Protein chains: 2
Amino acid sequence: MSTTTRGRADRRPSITDVAKRAGVSVGTVSNVLNRPDQVSDSTRDRVLVAIEELQFVRNASARQLRAGTIQTVGAIVLDIANPFFTEVARGVEDRLAADEYTLMLSSSDEDPEREARYLRLFEEHGVQGVMVTPSAGSLDALLALRDRGIDVVLLDTTSPVDDISSVAVDDVRGGALAVEHLVGLGHTRIAFINGPQTIKQCVDRREGVLAALTGAGLDPASALVEITIGSLNAEGGEEGVNRLLAAEGDRPTAMFCVNDLTALGALRALRAHGVAIPAEMAVVGYDDVVFASMLTVPLTSVRQPTHQLGWTAADLLLRQRSEGAAFQHQRVQFQPELVVRGSSDPSA
Amino acid sequence: MSTTTRGRADRRPSITDVAKRAGVSVGTVSNVLNRPDQVSDSTRDRVLVAIEELQFVRNASARQLRAGTIQTVGAIVLDIANPFFTEVARGVEDRLAADEYTLMLSSSDEDPEREARYLRLFEEHGVQGVMVTPSAGSLDALLALRDRGIDVVLLDTTSPVDDISSVAVDDVRGGALAVEHLVGLGHTRIAFINGPQTIKQCVDRREGVLAALTGAGLDPASALVEITIGSLNAEGGEEGVNRLLAAEGDRPTAMFCVNDLTALGALRALRAHGVAIPAEMAVVGYDDVVFASMLTVPLTSVRQPTHQLGWTAADLLLRQRSEGAAFQHQRVQFQPELVVRGSSDPSA
DNA sequence: GCAGGATAGTGAATCGATTCATAGCGCACA
DNA sequence: TGTGCGCTATGAATCGATTCACTATCCTGC
């Protein structure tokens with residue numbers, strides 16, 4: 001039944017236990033762990049044997065308490081289940097690995113409270129910096145954090161202040177790209193399934209949407225049907241379509257969804273209602289996630305440089321730490337790109 | 001340019017600084033933080049003001065060092081970018097939240113070294129337990145971990161030993177379901193795009209595949225074309241199809257992919273090669289991820305109870321901790337379910 | 001007026017790893 | 001023989017929050 005067990009450990013062995021067992025001082029054990037070349041071979045071997053026998057594992061809390069800091073940064077994204085953010089996170093990790101930093105990754109689920117909680121958790125744990133896709137109103141908290149010595153880089157959002165760096169994609173342009181495309185196809189009544197205005201991306205893409213409409217001589221008041229959903233995922237998309245189709249008035253002939261997950265849900269709901277795509281409803285998404293091109297009706301989408309986004313954010317953060325006061329804050333902005341497919345353009 | 005800054009903090013304020021500023025002892029500050037009702041209103045207010053003024057943030061390392069443990073468990077999954085695992089993780093979180101536990105989530109990317117590294121990291125940080133989707137050969141490390149007082153629950157794998165619990169879905173059955181379906185449609189030559197045999201899921205699903213073939217009177221040697229890919233994602237799927245189509249011999253008429261991400265990549269490559277689905281190649285995936293039903297050709301897949309899987313694993317872990325020696329280890333196994341769609345069955 | 005009890009607040013000891021000033025030892029060189 | 005250097009090893013001090021035995025103070029009731 002049970003293999004050799006020393007029972008539920010009463011207490012983790014500490015460096016002191018190892019020292020006793022090996023017949024050396026704690027300082028020597030520490031040296032074996034951290035500066036092995038300063039210890040004679042015979043002593044080192046004795047200590048290593050003791051470590052093995054006791055199954056000693058360093059206590060990270062004690063280390064960090066003494067060291068005061070750890071080679072770790074935190075990142076908070078809006079939704080870890082969204083492929084867009086997992087690709088961004090991969091870019092972050094790749095850059096951090098080069099400097100032997102570790103990543104603590106969390107998802108705020110677009111909830112300012114969760115965001116604040118994780119921010120505090122990160123700080124209590126002594127991370128050196130954080131990358132955040134912030135929700136509205138968290139700027140003050142981030143500035144305070146920065147003042148307390150924790151570097152901050154905004155992720156997928158343009159910084160509203162000069163002394164915090166950011167890496168973003170031009171969401172205004174992206175929103176405009178989507179709607180210019182739809183208008184160019186002749187649509188004059190367009191639905192916009194968008195998230196709450198507490199999310200900067202939603203605000204910016206909306207601005208682009210309005211600009212594109214106005215630029216084409218259309219009046220947003222009549223040309224645009226806005227639906228605000230609670231969460232930017234497939235469920236939100238379904239909810240948005242259901243509300244749109246249940247509403248009074250002329251049904252739009254085109255739809256722009258704030259991201260691809262939302263568009264996926266929207267497509268599902270549209271299909272359930274028997275709405276033909278793109279004949280009765282053209283659909284455009286955002287992010288160009290991995291499966292966008294493979295859907296029943298391949299999804300027109302706005303592509304963003306995800307990996308590069310994450311990589312650059314991590315790079316700015318690390319450079320900020322290493323360069324100190326000499327570091328110049330900057331707002332990096334990448335350009336999005338429209339990928340036209342069958343969900344909007346039958347000829348694509 | 002810069003708002004009020006106290007520069008890069010020389011040192012985080014500690015509980016001692018707060019005590020000095022408020023004119024009380026450190027014990028009192030600690031009481032304000034942990035047992036506020038044992039402190040008089042006036043004192044409490046004074047301390048809170050000091051905390052606010054100094055922007056004091058607790059040092060998690062010091063807390064944990066003293067406390068010895070934290071209300072945290074770790075989880076290591078194979079691929080955090082796979083929707084299957086993000087849904088499982090959501091289930092884990094939901095159960096943990098009920099007991100006010102926190103989750104540290106990592107992805108091993110199917111790399112035993114990464115897995116071992118994270119396991120060690122978790123242990124150093126003093127997590128109370130871990131949930132792991134293990135790679136081959138890590139069992140000994142997990143048993144040792146368990147012996148050191150850290151509870152272990154295997155996730156999405158059936159435990160090979162009696163004294164470690166596990167929560168899994170019957171992968172043998174799942175693999176059989178997929179191939180029985182294909183055989184039932186008349187296919188006698190089937191490709192199996194599978195991952196390395198270091199991954200238990202791959203072994204089990206393969207076993208089901210072989211059993212289904214044999215059970216139908218087919219000889220795996222001639223009926224099965226196995227392609228082993230390096231990573232279980234879309235890139236792996238593309239690679240698998242490219243190799244399959246480049247190979248000598250009769251081209252199979254059906255294909256079973258070890259998961260849906262792989263299937264997605266496979267579909268993409270098949271399309272690029274102009275192979276008609278399901279006419280020239282029937283395709284079955286595994287996991288029934290969120291977008292499976294929405295693909296160009298809706299994907300036949302084997303559905304698993306993701307959320308329940310994660311929830312149950314976390315539940316076992318927490319109960320194991322609270323019940324102590326009285327806890328009965330168990331192997332929970334859920335049953336998968338085949339969802340037939342157009343990628344295998346034109347009539348679906 | 002005083003014992004007894006409740007209430008507030010204190011501060012030294014503790015957790016475990018790291019650091020650093022110090023010491024012991026052997027060897028080489030003057 | 002003595003000085004000085006290099007190499008090893010030592011162990012007390014340190015990081016910051018928590019705990020707990022203890023003191024101080026005030027109140028209640030007889």
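Here is how names work: the chains are called A, B, and so on, in the same order as the sequence lines, proteins then strands, and each is numbered from 1. What you see is a predicted model, and the numbers here were worked out from it, not measured in a lab.
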Short question: side chain of A:D99, backbone of A:Y101 - any donor-acceptor pair under 3.5 Å?
no

In short, the helix from C:dG1-D:dC30 to C:dA30-D:dT1 is bent end to end, axes from five pairs each side, to 10°, by 50°

Pairs meeting criterion ring-ring contact (aromatic ring centres under 6.0 Å, His included) with involvement of residues 22-61 of chain B, two or more places apart
none

Over all strands shown, is A:V24 touching base, sugar-phosphate only, or nothing at heavy-atom distances under 4.0 angstrom?
sugar-phosphate

Heavy atoms of B:I80 and B:T86 approach each other most closely as O-CG2, 3.1 Å

Taking side-chain contact (heavy atoms from CB on, under 4.5 Å) as the test, write out the residues that go with B:D17, two or more places apart.
B:R11, B:P13, B:S14, B:L54

With sequence neighbours left out, what residues match A:E323 under side-chain contact (heavy atoms from CB on, under 4.5 Å)?
A:R319, A:F327

Partners of B:R331 by side-chain contact (heavy atoms from CB on, under 4.5 Å), sequence neighbours excluded?
B:T158, B:S159, B:D162, B:S166

Using modelled atom types and a 3.5 Å cut-off, is there a donor and acceptor pairing between side-chain atoms of A:N59 and backbone atoms of A:S61?
yes

Flag side-chain contact, heavy atom, 4.5 Å: A:L119 against A:L142:
yes

Taking side-chain contact (heavy atoms from CB on, under 4.5 Å) as the test, write out the residues that go with A:T69, two or more places apart.
A:Q128

Without hydrogens or angle criteria, can the side chains of B:S165 and B:Q330 be said to hold a donor-acceptor pair below 3.5 Å?
no

Of all nucleotides in DNA chain D that come within under 4.0 Å of a heavy atom of chain B, which is furthest toward the 5' end and which toward the 3' end?
D:dG16 to D:dT19

If you pin B:A60 and A:S25 to their nearest nucleotides in DNA chain D, which one's is more 5'?
A:S25

Residues pairing under salt bridge (Lys or Arg N to Asp or Glu O under 4.0 Å) where one sits in residues 53-77 of chain A, two or more places apart or in two chains, turn out to be A:R21-A:E53

Quick check: does any side chain N or O of A:R44 sit under 3.5 Å from a backbone N or O of A:V39, one acting as donor and the other as acceptor?
yes

For nucleotides 6-8 of chain C, give me every protein contact, N/O to N/O, under 3.5 Å, one pair per line with atom names.
none

How about B:E115 and B:S108: does a side-chain donor come under 3.5 Å of a side-chain acceptor?
no

Using atom names, set out every protein N or O paired with an N or O of nucleotides 19-21 of chain C below 3.5 Å, distance rounded to 0.1 Å.
residue: C:dT19; atom: OP2; partner: A:R35; partner atom: NH2; Å: 2.4

Between B:T28 and B:A62, who's closer to the 5' end of DNA chain C by nearest nucleotide?
B:T28

Would you check if the side chain of B:Q55 reaches a backbone N or O of A:A144 as a donor-acceptor pair within less than 3.5 Å?
no

Is there a residue in residues 16-23 of chain A whose heavy atoms reach under 4.0 Å of DNA chain D, and which residues are they?
none

Sequence neighbours excluded, which residues qualify as salt bridge (Lys or Arg N to Asp or Glu O under 4.0 Å) partners of A:E123?
A:R148

